[in-house]
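The structure appears right after this line, and notes come after that.
So that the names make sense, note that chain A is the first sequence line, chain B the second, and so on, each numbered from 1. The structure presented is a predicted model; accordingly, all values stated were derived computationally and were not measured.
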Amino acid sequence: MCKSWHVIRLRMRTSNLWIPTLREDPSDNEIASYRLMIRAGFIRKLTSGIYSYLPLGLRVLFKIQQIVREEMDRAGAQEVLLPALQPSELWEETGRWQQYGKELVRLTDRHDRHFCLGPTHEEVVTDLIRKEALSYRSLPVTLYQIQTKFRDEIRPRFGLMRGREFIMKDAYSFDADMQGAQQRYKDMYDAYTRIFTRVGLRFRAVEADTGLIGGTSSHEFMVLADIGEEAIASCTACAYAANVEQACTVKPAEGPKTDLPLTKVMTPGVSSVDDVCAFLNCSPHEIVKTLIFVADGRPVVALVRGDHQVNEIKLRRQLGASELHLAGNAVIHEVTGGPSGFSGPVHLAEVEIIADDAVAAMPGCIVGANMGDTHYRHAVLGRDFMARCADIRNAVAGDPCPECGKPLDMDRGIEVGHVFMLGTKYSQAMRATFADAAGNDRPFCMGCYGIGVSRIMAASVEQNHDDAGVVWPVSIAPFMAHVIPVQDQSEAVMTEAVNIHQMLSQGKIETLLDDRSARAGVKFNDADLLGIPYQVIVSEKNLKQGVIEIKMRKTGERITVKKADVTAFFLKEMGGTDTVGA
RNA sequence: CGGGGUGUGGCGCAGCCCGGUAGCGCACCUGCUUUGGGAGCAGGGAGUCGGAGGUUCAAAUCCUCUCACCCCGACCA
């Protein structure tokens, strides 16, 4: 390679940027985004669920953060940086020191004081605000930060998707009344829509459960992907969409009940829904599953149709319980008098029974008889057993939409954002108040709003890649252009490549120059792996005709432009799309 | 936490069943040739075989314990 290329030292060259690409897939994970980001030298794993960002990965992260900042600022939020290390006292005030459980990373200092590494910052901001003696005149206030969060995941998985340490943008709004809080919620919802559009994700906002954060309502922003950990129900006809945890089911009309008498049948060794179906030659929707739960220490019986699944969040809400789990065999025997696998609601007194609405609509059903190897046929709700009816199951594909009645679809999604209407949950618990117009202290109406910044990076790769590598959307790509001199031994080619690199850089087009002394095939393959949107190919062949070649990473399409027109080409490409979407 | 799997130069793996003192591909270094889709030849450097203990004349290999990582599940923002 000619020595003269070393004379000009521009930073954005392969020789000055550490991009350790791997020829082979890492052995320790199957998910595309993890595999590709490791191979392309964006990230490295330190230990389970904890990652380092290498120069290229950091550039992508910065791009995402920049878009987030612009839209948060535009929505009137102000950036702050809150501590990651938080004293236990604050968490005890809201009761979450206990509630949060093992997910919270806890530590103790040398004085034996307790701390946690923040998984979220409601307590810290609320404390910050309450100390300031604010009046209604200075409201609303919305603060945000981009920070590393910690969560002691039971099982970190999917690379950056579910880590124990990750980067989040979180925002908190403080309003004088619910109306204002609702406006902030809407502003944030709109900002999130713009953010996810700009970073180039195909996403959907869905109604969601509020979980441990609490509050009155929330929406999740879901990136559609097969590997998504969440199931989303969305209407095939109207705009309704919700997390299955949250999606309401419609109570079916009750038909006539069967006149056939309750009949005992022997079902030796047959207890699962599938086995019972096969044995009695019936279908799952003729069976009722009886599940015994323990809710805040007391046993509860839940009934759902054989082809449905209990939704524990809905059930817990119905019971008004804070803690709910499936009962063990001992409790099952105590409650039903029979073995696990043959439970049923018939002759169960003294225990609360709650049936799904779909069970109420059945003319009669097959249920366990609370003794070994025995079931009942023709059990009728209201005649053979009593139960309170409610929506306690997960929606399934084909269920009618709660808004319009048309069938629901099921998709999988990755949660990249979540907005919560908190109301006064934290402000009341922590006595965070402001003076209203009459001079009285009133608790703030709050909202909180999170975006998984590092998760966006993974989700983006998940949605945008092919067999050869990553295909970054222009808005978050580490570079816009990747200049590839094909013959590194040719002085003419290298001179021209350096020229183009300089020209583009001066035109504010972020450009990476592959100045390695490597064979063309190596450079092309690495370029495809890195996924920079435009490859600018400089070769002897093209130079003879005074042109250079541009390959679009996404489509593989190649065009040639005159040397002098390269910058103009990019300015035109960028002008057309601004930074918004692709 | 339950089930399954894997730990051997930087990366990917073989060797383990049947003990005999570590090998392959890629990467790296040197030289020559080569040069539009992961080059060829020659030479070279690099491994506590995850860790501890045990059995044995001898352990990557057999036994016990332990740690880490991955997958499935349970759990959960």
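- When rounded to the nearest whole Å, the span between CG of A:Leu22 and C1' of B:rC13 equals 14 Å.
- The line from CZ of A:Arg162 to CD of A:Glu153 is 4.5 Å long, rounded to the nearest 0.5 Å.
- Separating the CD1 atom of A:Ile38 from the C1' atom of B:rC70 is a distance of 13 Å, rounded to the nearest angstrom.
- Residues from residues 152-165 of chain A lying near RNA chain B, meaning a heavy-atom separation below 4.0 Å, are A:Ile154, A:Arg155, A:Arg157, A:Arg162 in numerical order.
- The stretch residues 26-36 of chain A touches RNA chain B through A:Ser27, A:Asp28, A:Asn29, each having a heavy atom under 4.0 angstrom from the strand.
- In terms of polar N and O atoms assigned as donor or acceptor, the side chain of A:Asp526 comes within less than 3.5 Å of the base of B:rG38 in a complementary pairing.
- Of the residues listed (A:Val396, A:Asp356, A:Asn394), the one engaging A:Gln309 in a side chain to side chain contact (heavy atoms under 4.5 Å, CB included) is A:Asn394, and it is the only one.
- Under 4.0 Å is where a charged nitrogen must lie from a carboxylate oxygen, and between A:Arg106 and A:Asp152 no such pair does.
- Across all strands, A:Glu220 comes closer than 4.0 Å to base atoms (heavy-atom distances).
- The nearest heavy atom of RNA chain B to A:Thr47 and to A:Phe524 marks one nucleotide each, and the one closer to the 5' end goes with A:Phe524.
- Within the 4.0 angstrom heavy-atom criterion, no nucleotide atom of any strand lies near A:Thr120.
- Across B:rC76, B:rA39, B:rG37, the shortest atom-to-atom separation from the side chain of A:Glu103 is found for B:rC76.
- Computed from coordinates, the A:His325 NE2 to B:rC75 C1' distance equals 13 Å when rounded to whole Å.
- In this structure, A:Gln487 places its CD atom 15 Å from P of B:rU34, rounding to the nearest Å.
- For the salt bridge (charged side-chain N to carboxylate O under 4.0 Å, His left out) condition, the pairs that include at least one residue of residues 209-219 of chain A, sequence neighbours left out, are A:Asp209-A:Arg317.
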With the criterion being N/O to N/O and under 3.5 Å, what pairs connect the protein with nucleotides 23-33 of chain B, and how long is each?
residue	atom	partner	partner atom	Å
B:rG25	N2	A:Glu24	OE1	3.1
B:rA27	OP1	A:Arg23	NH2	3.2

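- Annotation: the span from A:Ile146 atom CD1 to A:Ile64 atom CD1 amounts to 10.0 Å, rounded to 0.5 Å.
- For A:Lys551, the side-chain atoms get nearest to B:rG37 when compared with the rest of B:rC11, B:rU34, B:rG37.
- For residues 293-324 of chain A, no residue pair satisfies the ring pair (Phe, Tyr, Trp, His ring centres under 6.0 Å) rule, not counting sequence neighbours.
- Contact check, A:Ser48 against B:rC70: a side-chain N or O comes under 4.0 Å of OP1 or OP2.
- Within the model, atoms OH of A:Tyr34 and CG of A:Asp25 stand 10.5 Å from one another, a figure rounded to the nearest 0.5 Å.
- Note: NZ (A:Lys45) to P (B:rC69) measures 7 Å, nearest angstrom.
- Taking CG of A:Leu529 as the reference point, atom CZ of A:Arg553 lies at 8.5 Å (rounded to 0.5 Å).
- Residues from residues 446-465 of chain A lying near RNA chain B, meaning a heavy-atom separation below 4.0 Å, are absent.
- Between A:Asp209 and A:Glu549, the one whose closest nucleotide on RNA chain B sits nearer the 5' end is A:Glu549.
- Between A:Ile537 atom CD1 and B:rG37 atom P the separation is 11 Å, expressed in whole Å.
- Ion pair A:Lys551/A:Glu557 not flagged as a salt bridge, since none of the NZ, NE, NH1 or NH2 atoms sits closer than 4.0 Å to an Asp/Glu carboxylate oxygen.
- Only the C1' atoms considered, B:rA59 is 10 Å distant from B:rC16, to the nearest whole Å.
- If you take CD1 of A:Ile313 and P of B:rC75, they are 10 Å apart, rounded to a whole angstrom.
- With rounding to the nearest 0.5 angstrom, the CZ atom of A:Arg202 is 6.0 Å from the CG atom of A:Asn464.
- Remark: the A:Arg558 side chain and the B:rG37 base include a donor-acceptor N/O pair separated by less than 3.5 Å.
- Ion pairing between a basic and an acidic side chain is recognised when a charged N comes within 4.0 Å of a carboxylate O; A:Lys149 and A:Asp170 show such pairing.
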